[in-house]
Asks: 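Quick one: the structure is below, questions incoming.
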2 protein chains.
Amino acid sequence: MLQITSAQIRKDLSYFGRFGKQGRGYRVRHLLTELKQILGLDAEWNVAVVGVGRLGNAILNYPGFNPDGFHLVAAFDNNPRHLGEDVGGVSVEPMSAMAETVASRNITIAIVAVPSVHTQSVVDQLVECGVRAILNYAPITAQVPAGVWVRNIDPVLALQSMTTI
Amino acid sequence: MLQITSAQIRKDLSYFGRFGKQGRGYRVRHLLTELKQILGLDAEWNVAVVGVGRLGNAILNYPGFNPDGFHLVAAFDNNPRHLGEDVGGVSVEPMSAMAETVASRNITIAIVAVPSVHTQSVVDQLVECGVRAILNYAPITAQVPAGVWVRNIDPVLALQSMTTI
DNA sequence: GCCTGTGAACATATTCACAGCA
DNA sequence: TGCTGTGAATATGTTCACAGGC
């Protein structure tokens, strides 16, 4: 179904250990538990959204954006128009509150949904606050020190990549 | 800036031809033109959005989702509530109109923003209508015949992938 | 007989290092 | 001297094929 060969799956699993029984296959529940642990999906992660414009708003309100273990617990924006506003159940705070809120709510992941021009400075600020995993929606490669992970999501790039059929 | 080595870039370019001058570098305008052609970004692409729920709506209204050469020219949904509605300047049509509209408006790319349960049947229908490039927003691997390209966009998966710091 | 786990073979991708031209 | 283009070396990823336990 996933267009992945059985050999590939076996090799991938073997990288982490031995989870099956020869001739019998895998115990699904057991394998699922092991995989969740390997992927860090057995823990709780508190997430902050920076930027509550059109996109940040959509993220905070999108019901599917709260998979097991992930909690959108903070939102930041410097636009006074949004300050104090409730977006998807979270109260919008100014950027200046970031350090304190990240620490007090134990936030480890951030989603950056600000215009490209502001992305780098927002990322710098997040890194400064101790956030080491950042999901970036701007079409920009943010520069970060070693040990910080940025994943870029760019639907426009994905669309553009469809043209070489 | 892109965290890509110069050797990598030279190798990639060499796959398509020779665009620079030794000792001098690349003529930026010329290289840009060549790359646009290689990537199919010098042409016009008409795009349809299937599903005008929360997500489809956001896509159709998002001003950044109209990069050079891409035109969102149709929207389909079977919910009678949305039929005829204007979403981001496009009139919502029923799924039954797909074959005719795809042909008449020369649509070559589709963005599928419907719930997972409906994704496969929508994809089947698009393929039937001759669409060969599909951007899928559901957390599903759609099955397609050879020659059809599906690219999956899954922000939730991206978020989940941030946990193995 | 079935299906995992894994070396070996093969394939692809990246990096190195340098000849050669401006 | 500077920078491209590219073979060669290295690294990484995938597929094959089969031993061995169930």
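To find a chain, count down the sequence lines: A is the first, B the second, and so on, and within it residues start at 1.
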Asks: Taking the nucleotide of DNA chain C with the closest heavy atom to each, which residue, G23(B) or G20(A), is nearer the 5' end?
Replies: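 Taking each residue's closest nucleotide, the earlier one in sequence belongs to G20(A).
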Asks: Less than 3.5 Å between a donor and an acceptor, one on the side chain of K21(B) and one on the base of dG2(D), is that the case here?
Replies: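 In this structure, the two groups form no donor-acceptor pair.
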Asks: Q120(A) side chain to Q143(A) main-chain N or O, any donor-acceptor pair under 3.5 Å?
Replies: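 Yes, Q120(A) side chain to Q143(A) backbone: donor-acceptor pair under 3.5 Å.
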Asks: Using whole Å, what does the distance between atom C1' of nucleotide dT10(D) and atom NZ of K11(B) come to?
Replies: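 That distance rounds to 12 Å.
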Asks: Less than 4.0 angstrom between a side-chain N/O of R18(B) and OP1 or OP2 of dT6(D), yes or no?
Replies: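 Yes.
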Asks: Has S121(A) got a side-chain atom pairing as donor or acceptor with H118(A)'s backbone, closer than 3.5 angstrom?
Replies: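 The answer is yes, because a donor-acceptor pair under 3.5 Å joins these two groups.
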Asks: Take Q22(A) and D12(A), find for each the nucleotide of DNA chain D with the closest heavy atom, and name the residue whose nucleotide sits nearer the 5' end.
Replies: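 This one resolves to D12(A).
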Asks: Rounded to the Å, how far apart are L31(A) CG and dT4(C) P?
Replies: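 After rounding, the gap between these two atoms is 10 Å.
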Asks: Rounded off to whole Å, could you give me the NE2-to-C1' distance for the H30(A) and dT4(C) pair?
Replies: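 Atom-to-atom, H30(A) to dT4(C), this comes out as 14 Å.
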Asks: Can you check the F19(A) CZ to dC22(D) C1' distance for me, whole Å?
Replies: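 Computing the F19(A):CZ to dC22(D):C1' distance gives 19 Å.
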Asks: Rounded to whole angstrom units, what separation is found between the CD1 atom of I9(B) and the C1' atom of dT15(C)?
Replies: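 Roughly 14 Å, once rounded to whole Å.
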Asks: Separation of Y15(A) atom OH from dG13(D) atom P, in whole Å?
Replies: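 Answer to the nearest Å: 9 Å.
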Asks: Answer yes or no: are there more than 12 heavy-atom neighbours, outside D86(A) itself, under 6.0 Å from its atom CG?
Replies: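 Yes - once you tally the heavy atoms of other residues, nucleotides and ligands closer than 6.0 Å, there are more than 12.
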Asks: Tell me the interatomic distance from R24(B), atom CZ, to dG2(D), atom P, rounded to whole angstroms.
Replies: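 So the two atoms are 13 Å apart, to the nearest Å.
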Asks: When you measure from the side-chain N and O atoms of Q8(B) to the phosphate of dT14(C), is any distance below 4.0 Å, counting only OP1 and OP2?
Replies: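 Q8(B) to dT14(C) OP1/OP2: side-chain N or O found under 4.0 Å.
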Asks: Taking the minimum atom-to-atom distance to the side chain of R10(B), which one of dG5(C), dC18(C), dA19(C) wins?
Replies: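 Shortest atom-to-atom distance from the side chain points to dC18(C).
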Asks: Scan T5(A) against the nucleic acid and name what it touches under 4.0 Å (heavy atoms): base, sugar-phosphate only, or nothing.
Replies: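 The answer is sugar-phosphate, as T5(A) gets under 4.0 Å only of primed atoms, P, OP1 or OP2.
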Asks: Is there a donor-acceptor pair under 3.5 Å between the side chain of N78(A) and the backbone N or O of M95(A)?
Replies: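 Between the backbone of M95(A) and the side chain of N78(A) there is a qualifying donor-acceptor contact (under 3.5 Å).
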Asks: Let me know the distance between CZ of F16(A) and C1' of dT4(C), rounded to the nearest Å.
Replies: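 After rounding, the gap between these two atoms is 18 Å.
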Asks: Please check the phosphate of dG5(D) (OP1 and OP2 only) for any side-chain N or O of Y26(B) closer than 4.0 Å.
Replies: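 Indeed, a polar side-chain atom of Y26(B) lies that close.
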Asks: Is a side-chain N or O of W149(A) found less than 3.5 angstrom from the main chain of T164(B), in a donor-acceptor match?
Replies: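 No, because the side chain of W149(A) does not come within donor-acceptor range (under 3.5 Å) of the backbone of T164(B).
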